[in-house]
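Here is the naming used below: chain letters follow the sequence lines, and residue numbers restart at 1 for every chain.
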2 protein chains.
Amino acid sequence: MAATTSKGQRIRQQIVEAANTLFYQRGYNQTSFSDIAAAAGIPRGNFYYHFRSKDQILEAVIEFRLLSIEGMLQEWDDSIERPAGRLKRYVKILLNEEQDMLRYGCPMGSLNLELAKTRLALQSRAAAMFELFRTWLSRQFRLMGCGERADEHALHLLAVMQGAALLGAVYKDAGFLRREAARLEDWIDSVRGQ
Amino acid sequence: MAATTSKGQRIRQQIVEAANTLFYQRGYNQTSFSDIAAAAGIPRGNFYYHFRSKDQILEAVIEFRLLSIEGMLQEWDDSIERPAGRLKRYVKILLNEEQDMLRYGCPMGSLNLELAKTRLALQSRAAAMFELFRTWLSRQFRLMGCGERADEHALHLLAVMQGAALLGAVYKDAGFLRREAARLEDWIDSVRGQ
DNA sequence: GTCTATATATTGATAGAC
DNA sequence: GTCTATCAATATATAGAC
């Protein structure tokens with residue numbers, strides 16, 4: 001890739017970011033080319049120059065999300081000293097993204113669940129987002145002294161977060177999200193050294 | 001409603017049950033009239049006699065599911081003596097429906113999450129399925145002596161079950177479902193009288 | 001590289017014969 | 001009540017002018 005960003009690459013990035021938002025808010029299947037083109041501010045027919053198919057846009061969106069997640073986790077590693085604090089920062093997503101969570105659920109969870117039904121091949125690629133969190137969470141639990149239970153704890157934390165986000169979207173209840181976040185913080189403290 | 005079941009009512013029920021399965025396996029948006037008609041074994045154009053729109057079929061499917069859930073909960077009440085046993089029977093869904101859970105996730109959760117994005121009015125009706133479980137779970141926790149924390153426990157149990165089902169569908173990992181089920185059984189015991 | 005025009009399939013939904 | 005034929009809208013995708 002060139003050091004400079006060409007106009008074509010800029011448009012491509014606009015498409016990816018517009019699609020990323022729409023796939024989250026409307027779902028993959030319910031987002032049309034027209035929707036993406038309108039949101040990205042380009043003519044409809046044009047972007048077959050940038051992407052051969054809708055599936056390719058999704059793959060680019062997944063890549064984009066993977067990079068975002070990696071950057072976020074790296075930032076947490078750099079700015080938060082202790083592993084328990086990092087885990088709690090992860091839990092805090094429920095509160096920071098409260099409005100979106102209540103409206104659309106978790107972007108990872110809802111995308112995976114949608115793709116699991118009819119687009120299994122794409123879902124396995126979307127699962128890589130979970131894998132990034134799982135590996136990172138697992139490492140934090142290991143640093144906390146959880147040893148071989150670290151990965152089990154990581155998966156459990158992922159699951160409870162997903163459940164909280166989903167039920168939040170069902171009931172549109174911010175108080176519930178906060179209670180689940182508080183409960184998880186207590187659990188993180190209780191799991192220390194186990 | 002008449003005591004006898006007319007042919008029209010039978011066909012209507014066939015449509016609802018076919019749609020119920022397809023909405024679960026493919027999702028609502030990804031299920032077409034053609035799909036339902038083929039699965040129900042009737043000509044495509046025909047069933048506008050039975051349902052005016054696709055949304056009406058979904059409403060009928062939700063009604064159907066609500067009745068199924070009510071029947072199931074009633075059966076558990078009748079056949080299981082102690083509230084802790086009833087709660088564990090609920091958790092056991094993860095194991096009994098293992099294959100479907102790993103493939104399609106939870107029927108309630110995935111439908112609600114899909115509808116939350118673009119069909120909010122229908123989602124609020126689908127949320128009634130959760131409400132049935134919530135009320136029932138809440139009652140069991142109250143019987144266990146959880147007092148005013150009963151409803152919080154009920155929501156938490158719902159959330160963890162949803163998270164387990166979702167992550168199961170992401171990772172297609174039966175072992176994970178079993179571990180989460182075991183963890184929830186322990187939690188039910190630990191929560192006694194709290 | 002960008003855009004207009006359009007192809008082709010499928011969607012939810014109707015009209016009307018039987 | 002049941003079915004065939006078909007509508008209008010929308011979807012993904014392409015061809016080709018500029």
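Nucleic acid contact class of A:I42 (heavy atoms, under 4.0 Å, all strands): none.
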Residues 34-48 of chain A, side-chain donor-acceptor partners within the protein, below 3.5 Å, at least two apart:
unit_1	atom_1	unit_2	atom_2	d
A:D35	OD1	A:R26	NH1	3.2
A:D35	OD2	A:R26	NH1	3.0
A:D35	OD2	A:S32	N	2.9
A:D35	OD2	A:S32	OG	3.2

Could you pull out all donor-acceptor pairs under 3.5 Å where a side-chain atom in residues 90-102 of chain B meets a protein atom, sequence neighbours excluded?
unit_1	atom_1	unit_2	atom_2	d
B:E98	OE1	B:R178	NE	3.3
B:E98	OE1	B:R178	NH2	3.1
B:E98	OE2	B:R178	NH2	3.2

Quiz: residues 66-74 of chain B side-chain donor-acceptor pairs under 3.5 angstrom, not counting sequence neighbours:
unit_1	atom_1	unit_2	atom_2	d
B:S68	OG	B:F64	O	3.0
B:Q74	NE2	B:D78	OD1	3.2

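Under the 4.5 Å side-chain criterion, counting only non-hydrogen atoms from C-beta, B:E114 is not in contact with A:E114.
Using modelled atom types, no side-chain atom of B:Q162 and backbone atom of B:C106 make a donor-acceptor pair closer than 3.5 Å. Looking at A:R86, its side chain does come within 3.5 Å of a backbone N or O of A:E81 through a donor-acceptor pair.
Rounded to an integer number of Å, the gap from CD of A:Q30 to C1' of D:dT12 is 14 Å. Computed from coordinates, the B:L22 CG to C:dG12 C1' distance equals 16 Å when rounded to whole Å. Separating the CD atom of B:Q9 from the C1' atom of D:dT2 is a distance of 17 Å, rounded to the nearest angstrom. The nearest whole Å value for the distance from the CZ atom in A:R10 to the C1' atom in C:dT2 is 14 Å. Taking atom CG on A:D35 and atom C1' on D:dT12, their separation rounds to 13 Å, with Å as the unit. Going from atom CD1 of B:I11 over to atom C1' of D:dT2 covers 8 Å, rounded to whole Å. Separating the OH atom of A:Y28 from the P atom of D:dA11 is a distance of 14 Å, rounded to the nearest angstrom.
The side chain of A:Y49 contributes an N or O atom lying less than 4.0 Å from OP1 or OP2 of C:dG1. Within the 4.0 Å cut-off from OP1 or OP2 of D:dT2, at least one side-chain nitrogen or oxygen of B:H50 is found. Under 4.0 angstrom from either OP1 or OP2 of C:dT10 there lies no side-chain N or O belonging to B:S32.
For residues 6-25 of chain B, the pairs satisfying ring pair (Phe, Tyr, Trp, His ring centres under 6.0 Å) are B:F23-B:Y28, B:Y24-B:Y104, with sequence neighbours left out.
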In B/S/- notation, 5' to 3', how is nucleotides 13-18 of chain C contacted by protein heavy atoms closer than 4.0 Å?
BB----
Where does DNA chain C pair, written as one dot-bracket string 5' to 3', with Watson-Crick or G-U pairs under 3.5 Å, ( ) inside the strand, [ ] for crossing pairs and | for another strand?
||||||||||||||||||
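Contact check on A:D151 versus A:R142 returns no salt bridge, with no Lys/Arg side-chain nitrogen under 4.0 Å from an Asp/Glu carboxylate oxygen.
For an aromatic pair to be called close, the ring centres must be under 6.0 Å apart, and B:W187 with B:F141 satisfies this.
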